[in-house]
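A short write-up of the structure that comes next.
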Number of protein chains: 2
Amino acid sequence: MMPKVLVVDDDLDMLSLVCAALEKDGHQIDTEADALAVQPARCQQYDLLLLDVMMPGEDGFSLCRRIRAEVDCPILFLTAKAEEAALVEGFGLGADDYIKKPFSVAELRARVNAHLRREVRQPTHTLSRGGVRFDMQAKVAIAGEHTLPFTRGEYAICEHLALHAGQVFTKEQLYEAVFGFEAEGDPSAVAEHIKNIRAKLKADAINPIETVWGVGYKWRKTSAR
Amino acid sequence: MMPKVLVVDDDLDMLSLVCAALEKDGHQIDTEADALAVQPARCQQYDLLLLDVMMPGEDGFSLCRRIRAEVDCPILFLTAKAEEAALVEGFGLGADDYIKKPFSVAELRARVNAHLRREVRQPTHTLSRGGVRFDMQAKVAIAGEHTLPFTRGEYAICEHLALHAGQVFTKEQLYEAVFGFEAEGDPSAVAEHIKNIRAKLKADAINPIETVWGVGYKWRKTSAR
DNA sequence: CGCGTCCTTATAAAATCCTTAAAAATGGCT
DNA sequence: AGCCATTTTTAAGGATTTTATAAGGACGCG
């Protein structure tokens with residue numbers, strides 16, 4: 001799953017330099033020398049955009065302004081302008097980073113990778129929510145220093161709730177989430193599992209599962225409340 | 001909804017400078033001078049962390065390494081070290097940005113806001129009307145800083161009214177909206193819910209539900225009053 | 001066969017919803 | 001303006017629904 005990056009710069013030397021740098025990280029790079037040729041629809045296939053600010057024809061800021069509303073991926077500016085006003089303007093347009101020339105290849109790679117990592121939900125198969133750490137590979141949950149003695153079903157329900165923290169699921173939805181197909185089971189079986197999960201979490205004084213009366217259950221969102 | 005930011009730095013002058021800058025954007029700032037006192041559980045309530053790299057006791061890199069697995073908000077480093085190796089190391093630890101001292105206040109604000117902006121762009125189906133924010137996934141309504149203790153029926157009626165602000169609904173229509181069609185219930189039950197909704201909203205001094213005499217109820221379209 | 005997990009059933013507890021009834025408000029009428 | 005019919009608001013109580021808890025049995029696996 002190679003991340004796709006589009007680099008827009010009129011300076012061909014710069015283009016080849018940037019490409020060479022990013023290809024070391026295994027990204028797939030496309031280049032474009034003419035900002036006016038960049039349409040929003042085209043950008044939607046990329047995971048990250050690198051725009052030079054100063055270009056003949058259309059500059060990077062104008063390009064960003066033109067496509068930002070329809071493009072959701074991170075946008076990074078490359079610029080020689082070190083002026084603070086320009087930097088603030090860039091961020092104001094919805095940019096995600098602003099790399100000042102001259103920059104080192106290492107810094108460029110580090111910043112690009114940092115944004116991509118956050119964007120593509122990196123292949124980290126662990127998740128921490130509300131004081132519980134889930135190892136989705138090993139299928140174990142850890143609270144504090146000890147692993148929680150969850151059964152398979154309990155772990156599956158717990159992980160599903162934590163993965164979609166804040167969203168409410170009915171018992172039927174949770175049952176399906178665990179068994180995949182439409183296995184018509186008694187919803188009260190889910191209630192039983194919820195009870196056991198809460199009991200096992202109580203030892204660590206954490207209770208992240210809220211019940212939404214008449215609807216179902218949800219994992220309490222950490223940020224909001 | 002004010003974003004919460006934690007700043008960790010041993011330099012008290014720097015702390016107050018950073019706080020003053022970020023508070024201009026309406027963020028809620030907490031500070032901590034001792035990195036060793038920062039625990040993962042504490043970090044989970046913040047939307048962004050600002051860490052100084054060079055600190056006595058534990059440095060920023062070590063702190064980041066210690067908490068990154070359990071914290072998924074953006075982490076930004078503040079540093080005087082301009083060396084490329086340190087920068088790459090910082091990003092390698094899962095950092096999201098690296099701000100070199102001396103930095104301008106404008107740049108600090110711009111970068112912090114850029115990360116917060118992207119963080120908030122999460123696909124949460126929310127609706128804000130008349131001072132009340134509805135999270136349709138979590139099935140909760142929030143006014144000001146606290147969630148409203150709506151029951152299922154109250155929330156459903158309230159959301160339906162807010163979603164179609166300005167449109168008048170009879171009690172029967174509202175009843176159907178909540179329970180689907182053909183649920184012939186006493187319309188006065190709806191009046192009961194309206195009363196409870198208004199009572200719970202009164203604590204926040206907002207009263208967006210108007211009664212149209214002889215017809216039904218509607219959510220005031222404009223916040224004019 | 002023993003063990004653990006999962007499901008079912010039964011009962012208690014909790015919360016919500018609906019009904020009922022009376023008080024207050026509104027609009028139309030003379 | 002004053003009165004009346006209608007509608008809305010408010011209040012309280014019981015009925016209903018939903019959830020929590022506990023115990024027992026079915027099933028699969030080693």
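Values below: every heavy atom of this structure, side chains too, minus hydrogens, waters and symmetry copies. Just so it is clear: chains get the letters A, B, ... in the order the sequence lines come, proteins before strands, and each one is counted from 1.
- The aromatic rings of His164(A) and Phe169(A) sit perpendicular, their planes meeting at an angle over 60°, well past the 30° parallel limit.
- The outermost nucleotides of DNA chain D lying under 4.0 Å from heavy atoms of chain A, listed 5' to 3', are dT17(D) to dA23(D).
- Asp204(B) places no side-chain N or O within donor-acceptor distance of the main-chain N or O of Ile206(B), the cut-off being under 3.5 Å.
- Checked for salt-bridge contact, Arg118(B) and Asp47(B) miss the test: no charged N lies under 4.0 Å from a carboxylate O.
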Could you encode protein contacts along nucleotides 21-29 of chain C as a string, one character per nucleotide from 5' to 3', using B for base contact, S for sugar-phosphate-only contact and - for no contact, with a heavy-atom cut-off of under 4.0 Å? -----BS--
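- Using a cut-off of 4.0 Å between Lys/Arg side-chain N and Asp/Glu carboxylate O, Arg65(A) and Glu89(A) are scored as salt-bridged.
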Decide yes or no on ring-ring contact (aromatic ring centres under 6.0 Å, His included) for Phe77(B) and Phe91(B), but give the supporting numbers first. CA-CA 9 Å; Phe77(B) 281 120; Phe91(B) 279 112; 8.4 Å; no
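- Put simply, CD1 on Ile157(A) is 14 Å from P on dT5(C), counting in whole angstrom units.
- The side chain to side chain donor-acceptor pair (under 3.5 Å) check on Arg42(A) picks up Glu32(A), with sequence neighbours excluded.
- The phosphate of dC17(C) (OP1 or OP2) has no side-chain N or O of Tyr175(B) nearer than 4.0 angstrom.
- The side chain of Glu192(B) sits closest to dC18(C) out of dC6(C), dT16(C), dC18(C).
- A search for salt bridge (charged side-chain N to carboxylate O under 4.0 Å, His left out) contacts involving Lys218(A) returns Glu210(A), not counting sequence neighbours.
- In this structure, Val215(B) reaches the sugar-phosphate backbone alone: every heavy-atom distance under 4.0 Å involves primed, P, OP1 or OP2 atoms, never a base.
- In this structure, the NZ atom of Lys139(A) is 17 Å from the P atom of dT5(C), given to the nearest Å.
- Remark: Lys139(A) fails to qualify as a cation-pi partner of Tyr155(A) under the 6.0 Å distance and 45° angle criteria applied to the six-membered ring.
- Taking both residues in full, the closest heavy atoms of Leu49(A) and Cys43(A) are given as CD1-SG, 4.0 Å, listed atom of the first, atom of the second, then distance.
- Looking at heavy-atom distances under 4.0 Å, Tyr155(B) makes no contact with the nucleic acid at all.
- When rounded to the nearest whole Å, the span between CD1 of Ile194(B) and P of dC17(C) equals 13 Å.
- Direction change of the helix axis from one end of the helix from dC1(C)-dG30(D) to dT30(C)-dA1(D) to the other is 30°, with five pairs defining each end axis (rounded to 10°).
- The nearest whole Å value for the distance from the NZ atom in Lys195(A) to the P atom in dC6(C) is 14 Å.
- dC6(C) atom P lies 6 Å from atom CZ of Arg152(A), rounded to whole Å.
- One finds no salt bridge joining Asp25(B) and Arg117(B) here, because no Lys/Arg side-chain nitrogen approaches an Asp/Glu carboxylate oxygen to under 4.0 Å.
- In this structure Glu107(B) satisfies the side chain to side chain contact (heavy atoms under 4.5 Å, CB included) test together with Leu87(A), Lys100(A), Ser104(B), Arg111(B), sequence neighbours excluded.
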